[in-house]
Amino acid sequence: MRPGIRTAASLVVILAGVLAAAALGAACGQNSKAQDSGQVKVTATLGLFRDLVQQVGGDRVQVSVLVPDGTDVHTYEPPPSQIAKLSQSKLVVMNGLDLEAGLEKTVRENASSSATVLELAAGLPTLQDNPHLWLDAQNGMTYVERIRDALASIDPAGADVYRANTDRYLGELRTLDQQVTAAVESIPPERRKLVTFHDAYPYLAQGYGLQIVGFVVESPGKEPSAQEVAALAKDIGDEKVPAVFTEPQFSARILDLAASDAGVQVCSLYSDALDSKVKTYVELMRFNAQELARCLGAARG
Ligand SMILES: [Zn+2]
C-alpha cells in the first residue's frame, strides 16, 4: 500500500508541477508580449511622479523621467536625448500650475498627438496658484487617483490591477498623513514656524498647521535682493523661529547666512526633487515630518 500511495502522491506532485509550469509559461508569455507591445510607456516630469505611477501601474508600466533626481524642476530644460522617450509615451504625467515652466513647451511640442497629458494639479483648489500641492498627503492621494483613472482609460485590460494597487497604496498614504499630523502635533504651537529656501510649502503648512514666516525666493532662478535677505533675517529673529530649512537641490548660502545672523540652526526639507537618500514620495513626506519634529520640537534636557 505505502509505495502505491507514495507513487500516487508523487504523481499528484508532478501533475501539480506540470500545471504550475504551464500556468507560469502562460504568465511569462503574457509578460513578454506586454513588454513587446502592451506595457504602457509613461513619461513623468519628476521622480516623485514616477514613483506614484509605478505604485499604481506596477509591471504594466514603463516610466521614464524628464528631470533628473537632485535637479531643480522649475528651471530644468530637457536635452534632445530625452525627447525620443517622451514622444513614444502614451501617458505624460506632469504637475502643471507652471511647476514645469522650463519644460512644458518641450512636453507639449513633442508628446505624441495620441498621448494623454495628465496634469495632476489641474482644477484642484490652490493657494495663490502655488504648484506644490503634493506636500499635503491628502492632495497626494488625489494625484494617485488621477493616475489610476488615466492608466485605466489608456489600458482598460489593466483596470483591475490599477484599482487594487491604488487601494493598497492609498492605505499607505492615509497612514503617512496621520504620521505627518502626529509629528507636527508633537511641536509646541508657538514653534510651528517655517522659513524655507523657496515658496514650496503652503500646502504642507495649511494641511498640517504650520505658519509660513518667509522664504528666500518665491521661485527658483530669481535672486533675492540684499534688502529681502535682511528682511528675512529680521523676521527670523522677531518671530523667534527655531530653525530654517534648506532644500537639497538648492545651494543654501543665503539662507545659511540669514540663519547664522539670527543664531538659529539650519535643517532641511524636501520639496520637488528626490535623491539617493530619499527615493520615494512616502520617504520624502516621512523625512519632512521627522525633520520638522526634530528641528522645531521643544529643546530637551
Ligand atoms: Zn518647487
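First listed ligand is number 1; within each ligand, the first listed atom is number 1.
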Worksheet item: Got a salt bridge between Glu291 and Arg294, using NZ or NE/NH1/NH2 to carboxylate O under 4.0 Å?
Response: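 So Glu291 pairs with Arg294 through a salt bridge.
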Worksheet item: Could Glu119 and Arg108 be called an ion pair, given the rule that one side-chain N must be under 4.0 Å from one carboxylate O?
Response: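 The answer is yes: the pair qualifies as a salt bridge.
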Can you tell me the N, O or S atom of [X] that's nearest the Zn ion (ligand 1)?
X      : value
His132 : NE2
Asp272 : OD2
His198 : NE2

Fill in: Test log, rule ring pair (Phe, Tyr, Trp, His ring centres under 6.0 Å), inputs His198 and Phe250
CA-CA 9 Å; His198 87 299; Phe250 297 117; 5.2 Å; yes
Discussion item. Given Trp134, which partner from the list Tyr281, Tyr203, Phe49 fulfils the ring pair (Phe, Tyr, Trp, His ring centres under 6.0 Å) test?
Written reply: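 By the ring pair (Phe, Tyr, Trp, His ring centres under 6.0 Å) criterion, Trp134 pairs with just one of Tyr281, Tyr203, Phe49: Phe49.
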